[in-house]
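Each ligand, and each atom within it, is numbered from 1 in the order the structure gives.
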Amino acid sequence: MTAPTKSYPTHDDWKARADQAEPRGQAFIGGRYVDAASGETFPCVNPATGRSVGDVAACDAADVDAAVAAARAAFDDRRWRGMPPATRKKVLLRLADGIRAHRDELAVLETIDMGKPISDSHRIDIPLVADCIAWFAEAIDKVYDEVAPVGDDALALITREPMGVVGAVIPWNFPLLMAAWKLGPALATGNSVVLKPAEQSPLTAIRLAEIAAEAGLPDGVLNVVPGFGETAGKAIGLHADVDAVAFTGSAEVGKLFLQYSGQSNMKRISLECGGKSPHIVMADCPDLDEAAKAAAFGIFFNQGEVCNAGSRLLVDASIKDELLDKVISWGEKLAPADPLHPKTKMGAIVDGAQCDRVMGYIEKGKADGAQLRLGGERVRRETGGWFIEPTVFDGVKNDMTIAQEEIFGPVLSTITFESVDEAIAIGNDTIFGLAAAIWTRDITVAHRTARALRAGVVWVNCFDHGSISTPFGGYKQSGFGRDKSLHAIEKYTELKTTWVNLA
Ligand code: NAD
């Protein structure tokens, strides 16, 4: 017997769920929801409407102190790290199941909080969050320590131990997924965590704390302190009892965390920062239609609010016009629309400040002499929300501001080159090094170019492909340390050598 097929929720279904949502806005400290000690709150605004969906606790240093104390107590009495590995694995697998069980609810929260299309929240973000937690859960009782080859007279054990209290400071573009990339390996290795979601998008992290508690994660192991960067974020960075901070966000704030560490206790810092990824299309591109589609989605997916967005399209001059026409025709199909409509591919920009920032770059591009080929306007103003059309510039020079600075919006800069060496030189001519892509039929050119590009991920004849099994992170000012894969565990563990004299 086959199970009846459930039809996918309609626009009206999603709107009804969004209307009924009653997001919780409190902090989660020591296993319970609490207000900020100051009693302060801030409104959480739906960027598709400009209207508040609820108030959120504005945590500051006092709340971070309480959260760190709860995390420290949980770490010191070993209530989590001291559990048998198989038991910890079960707890995190239950957490992954809990996320799957609350998929619709979490997807709605994500969409009304940061404006991404519901089909992305529901089909991409939330399933990947659950898969990430489950993947690291499975690693708990499968990763072994080492014995060093030191000869007959000694036994040298190399073991990994949890850091202790980990601060996770997260951006707003993939709110729960970026949190999961930290929580999976941090919790799997036995740490306690103080999670600070971005002020633009705190709702799913707050809800996750409750789902984790229901899964059996002991009190104090996961604490969530919503609040602003300059208060809650800075307090985590400067806290003397936080052992490590895993940060995802802008390079500018990433550098502040390095300073906070130096000014306090030399806490371990890992940084996943921005990018200006070159999407390179050689003259012998094996499939120009595929490359054009990848180039369009590489910059317009998630409204361009993607750290590894292919924001610079580097294309051989001989095929530029043909490729760009195809990219533009994809862009024309991606008009921003209501994020709660299941067919919407481009939603709202996260808030008014980010919208102004992106529009400022578009004006700067025009003023610097780049040719606007598509979009460039703020649209759907009547909604009260912030929406920007897919925007394509041609004739960009790599030293223009729009080619050098991270825009974090749906703005593509097209730059031509005449040779592979020139493509590599332009590709690397940026302070960032997060990702890059190359389209070519020539396997030698593909490998030589992949080696020459200073980036943490290089895609060949595709864009943005990946798996939880592969590391993700940057070179240069895109940061250091890797999320995803077993390499992520390195950020949350100290290596210990135990030398036993057998002579
Ligand atoms: P942001 O740097 O402004 O904020 C990130 C986090 O840092 C937020 O939680 C914020 O509250 C906090 N913060 C801000 N100012 C702070 C301060 N003075 N002290 C301490 N904490 C502070 O970044 P954003 O605007 O939220 O996100 C966009 C950025 O994130 C982009 O640069 C993007 O490339 C980057 N990003 C990188 C990755 C990656 O994996 N490399 C993934 C997603 C986003």
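Contacts between Thr248 and ligand 1, counted as non-hydrogen atom pairs separated by less than 4.0 Å, involve both the backbone and the side chain. With a heavy-atom cut-off of 4.0 Å, Gln200 does not touch ligand 1 at all. Contacts between Glu305 and ligand 1, counted as non-hydrogen atom pairs separated by less than 4.0 Å, are absent for every part of the residue. Residue Leu256 touches ligand 1 through its side chain alone, judged by heavy-atom distances below 4.0 Å. Counting heavy atoms closer than 4.0 Å to ligand 1, residue Ile236 contributes nothing at all.
Close contacts of ligand 1 with Asn173, meaning ligand atoms under 4.0 Å from a residue heavy atom, involve 43 (C), 44 (C). Near Glu199, meaning under 4.0 Å from any of its heavy atoms, are these atoms of ligand 1: 10 (C), 11 (O). Remark: ligand 1 atoms within the under-4.0 Å shell around heavy atoms of Phe257 are 20 (C), 21 (N). Distances below 4.0 Å separate heavy atoms of Val169 from the following atoms of ligand 1: 6 (C), 7 (O), 9 (O), 12 (C). Counting atoms of ligand 1 from 1 in the listed order, those under 4.0 Å from a heavy atom of Leu434 are 41 (N). Close approach of ligand 1 to Pro171 is summarised as follows: ligand atoms under 4.0 Å from at least one heavy atom of the residue are 26 (O), 27 (O), 30 (O), 43 (C), 44 (C). Every atom of ligand 1 with a heavy atom of Glu272 under 4.0 Å away is listed here by number and element: 37 (C), 38 (C), 39 (C), 40 (O), 41 (N). Under a 4.0 Å criterion applied to the non-hydrogen atoms of Ile170, ligand 1 contributes the atoms 6 (C), 8 (C), 9 (O).
In terms of protein heavy-atom proximity, atom 35 (C) of ligand 1 is nearest to Gly249 O, 3.1 Å. The nearest heavy-atom contact from the protein to atom 15 (N) of ligand 1 is Val253 CG2, 3.6 Å. The single protein non-hydrogen atom nearest to atom 36 (N) of ligand 1 is Cys307 CB, 3.5 Å, given as residue, atom name and distance. Closest to atom 2 (O) of ligand 1 among all protein heavy atoms lies Ser250 OG, 2.6 Å.
Between the side chains of Thr493 and Thr189, no donor N or O sits under 3.5 Å from an acceptor N or O. Lys182 and Thr248 form a side-chain donor-acceptor contact under 3.5 Å, judged by distance and modelled atom types alone.
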>> If you apply the rule side-chain contact (heavy atoms from CB on, under 4.5 Å), what do you find for Leu453 with Thr449, and how did you get there?
In response: CA-CA 6 Å; Leu453 288 167; Thr449 310; 3.9 Å; yes
>> For a ring-ring contact (aromatic ring centres under 6.0 Å, His included) check, start with the C-alpha distance between Phe472 and Trp181, then their side-chain angles and the critical distance, and finish with the verdict.
In response: CA-CA 10 Å; Phe472 183 85; Trp181 284 8; 5.4 Å; yes
>> Does Phe408 form a side-chain contact (heavy atoms from CB on, under 4.5 Å) with Ile349? I'd like the steps, not just the answer.
In response: CA-CA 10 Å; Phe408 225 55; Ile349 301 293; over 6 Å; no
>> Would His279 and Trp459 count as a side chain to side chain donor-acceptor pair (under 3.5 Å) here? Give the steps.
In response: CA-CA 9 Å; His279 197 149; Trp459 292 289; over 6 Å; no
>> Using the rule given for side-chain contact (heavy atoms from CB on, under 4.5 Å), can you reason through Ile124 versus Phe301, listing the C-alpha separation, both sets of side-chain angles and the distance that settles it, and then say yes or no?
In response: CA-CA 12 Å; Ile124 301 175; Phe301 172 59; 4.0 Å; yes
> Should Lys276 and Arg312 be marked as a side-chain contact (heavy atoms from CB on, under 4.5 Å) after you check the CA-CA gap, both sets of side-chain angles, and the distance that decides it?
Replying inline: CA-CA 7 Å; Lys276 199 73 200 176; Arg312 291 183 299 149; 3.8 Å; yes
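Counting heavy atoms only, Tyr260 comes closest to atom 19 (N) of ligand 1 of the residues Tyr260, Phe472, Trp181. When Gly229, Gly254, Gly456 are checked for heavy-atom proximity to atom 13 (N) of ligand 1, Gly229 turns out nearest. Nearest residue to atom 32 (O) of ligand 1 from Glu252, Glu230, Glu406, Lys484 is Glu406 (criterion: closest heavy atom). Nearest to atom 33 (C) of ligand 1 by heavy-atom distance, out of Phe247, Trp172, Phe432, Phe408, is Phe408.
Other residues, nucleotides and ligands contribute at most 12 non-hydrogen atoms within 6.0 Å of the NE2 atom of His487. Atom NZ of Lys234 is surrounded by 12 or fewer heavy atoms from other residues, nucleotides or ligands within 6.0 Å. More than 12 heavy atoms of other residues, nucleotides or ligands shown are found within 6.0 angstrom of CD on Glu214. Summarising the local packing, CD of Glu22 is surrounded by 12 or fewer heavy atoms from other residues, nucleotides or ligands at distances under 6.0 Å. No more than 12 heavy atoms of other residues, nucleotides or ligands sit less than 6.0 Å from atom NZ of Lys397. For Arg454, the CZ atom is loosely surrounded, since the number of other residues' heavy atoms within 6.0 Å does not exceed 12.
Residue Asp483 has no N or O atom closer than 3.5 Å to an N or O atom of ligand 1.
The shell of residues lying under 4.0 angstrom from ligand 1, judged by heavy atoms, includes Cys273.
Protein non-hydrogen atoms do not reach within 4.0 Å of atom 4 (O) of ligand 1.
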